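Here the structure is laid out as structure tokens; the discussion comes afterwards.
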Amino acid sequence: MSLTQDEVFEKVKEVLIDALGVDDDEVTADATLTGDLGAESIDFLDIVFRLEKEFDIKIPQGELFPDNVLQNPDYVQDGKVTDQGMEVLKERMPHANFDDFESDRSIEKVAEIFTVNAVVKFVSMKLG
Amino acid sequence: MRWIWIDRIAQLEKAKSCIAVKNVSMAEEHLHDHFAETDDHPAIPVMPASLVIEGMAQTAGILVGHARDFREKVILAKITKAVFHCSVFPGQTIFHVATLERIDDSGASATGKVHVIDHTQSHAAPTSAEKLHVADIELMFSHIDQNMSGLEFPDHNFVFTDQFMDLLRNSGFA
């Protein structure tokens with residue numbers, strides 16, 4: 001199955017509308033899942049399950065939304081992600097854009113990495 | 001206090017589906033208040049939709065727990081959708097049909113369909129009563145020992161209590 005980026009976006013949008021109960025016009029490419037769309041922790045699992053079904057792909061735990069990174073003291077110190085932590089995040093999230101996050105690195109800002117665009121890019125990479 | 005809103009497990013297919021039965025009776029006190037007589041209308045006993053959802057959550061929760069031999073503490077985390085097409089009244093028998101959609105180490109998702117057999121419509125031919133489609137429900141469950149924030153919970157499985165295991169045993173599934 002070969003889908004254009006726009007087609008992937010439209011399907012991701014439907015997934016997010018169903019999983020989060022948000023309106024069509026709220027799901028923009030730059031919207032953050034937690035800040036703008038109100039996703040909570042269980043919603044991330046819901047989103048992963050729905051993406052697997054919608055695109056017929058397998059998403060191992062932690063691949064789309066990395067776990068156990070922010071709990072590691074080597075990766076977070078004084079409330080900020082360390083250089084080592086940044087390397088790990090970038091390696092595990094090649095689908096995310098870290099440009100804005102680089103300037104602050106506060107763990108409160110990590111949620112801003114998880115945008116609709118990051119999900120679209122992740123799915124596109126999975127589909128090859 | 002018994003907070004189990006299903007009477008019997010009728011079918012249980014590991015990691016696939018579970019069907020539970022609940023008979024709605026006027027002996028249930030909540031029906032006396034939902035809805036009580038007022039100056040404007042007589043008493044109208046209706047099974048609260050929230051308790052129908054609870055029954056489905058318990059049915060699907062058993063399905064999710066059974067899929068991993070009740071090693072996980074299965075907590076209802078989210079009702080993604082609950083659409084009701086009609087109400088449930090005393091004298092009707094509810095069928096909760098839960099289907100497992102996805103399960104992994106973190107949790108599971110399930111879909112549920114609620115039907116009733118309306119015995120009040122079956123006087124002429126009691127065995128031919130039709131099932132009415134009551135509701136469609138989507139649910140998410142968390143395996144809370146696998147939570148990402150690293151919180152720890154007691155070792156014993158406080159979700160699947162003796163009451164749940166008795167229900168399974170009495171239904172012939174444990």
Side-chain angles (χ1 to χ4, degrees), chain A residues 12-23 27 33-34 37-76 79 81 85 88-89 92-93 107-108 110-111 113-114 123 126, chain B residues 15-18 49-50 53-54 56-61 63-68 71-84 98-113 135-153 159:
Chain A
V12 166
K13 189 176 190 177
E14 286 304 315
V15 162
L16 296 175
I17 288 170
D18 290 342
L20 304 175
V22 291
D23 290 333
V27 188
L33 299 189
T34 52
L37 303 183
E40 298 182 9
S41 58
I42 192 66
D43 295 320
F44 288 93
L45 183 61
D46 192 5
I47 291 166
V48 165
F49 283 168
R50 286 173 188 273
L51 290 174
E52 287 185 330
K53 192 173 183 179
E54 181 65 40
F55 293 98
D56 194 22
I57 54 178
K58 285 300 293 177
I59 305 175
Q61 188 174 351
E63 191 174 278
L64 176 56
F65 309 111
D67 48 9
N68 302 324
V69 174
L70 301 183
Q71 288 78 33
N72 188 324
D74 290 335
Y75 302 153
V76 178
V81 177
V88 172
L89 279 176
R92 293 180 61 179
M93 293 185 70
I107 54 171
E108 294 84 23
V110 169
I113 298 168
F114 301 116
V123 171
K126 291 289 282 187
Chain B
K16 287 191 174 173
S17 63
C18 181
S50 55
I53 293 173
E54 177 65 26
M56 177 55 79
Q58 293 178 354
T59 305
L63 173 63
V64 173
H66 183 254
R68 298 208 165 182
R71 290 189 303 272
E72 299 287 354
K73 301 182 185 83
V74 177
I75 295 292
L76 176 66
K78 171 177 162 183
I79 303 289
T80 312
K81 169 184 163 187
V83 177
F84 279 74
T99 303
L100 189 66
E101 295 293 330
R102 287 284 196 278
I103 184 166
D104 73 6
D105 289 346
S106 302
S109 67
T111 54
K113 286 192 179 297
D136 296 292
I137 302 170
E138 293 180 4
L139 316 95
M140 288 291 302
F141 294 90
S142 173
H143 293 146
I144 57 167
D145 286 334
Q146 317 290 341
N147 70 85
M148 286 166 66
S149 55
L151 291 173
E152 292 188 8
F153 295 90
V159 177

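Reminder, nothing fancy here: chain letters follow the sequence lines and each chain counts from 1. Quantities reported herein were computed from a predicted structural model and do not represent experimental measurements.
- Smallest separation of non-hydrogen atoms from B:Ala108 and A:Leu45: N-CD2, 4.1 Å.
- Both the backbone and the side chain of A:Glu52 come within less than 4.5 Å of a heavy atom of chain B.
- No more than 12 heavy atoms of other residues, nucleotides or ligands sit less than 6.0 Å from atom CD of A:Glu40.
- In plain terms, the two heavy atoms of A:Ile42 and B:Ala77 that are nearest each other are CG1-CB, 3.3 Å.
- Minimum heavy-atom separation, B:Ser106 to A:Gln61: OG-NE2, 2.8 Å.
- The candidate with the highest count of non-hydrogen atom pairs below 4.5 Å against chain B, out of A:Leu70, A:Asp43, A:Asp18, is A:Asp43.
- Interatomic distance, CG of A:Asp46 versus CZ of B:Arg102, reported as 11.5 Å (0.5 Å rounding).
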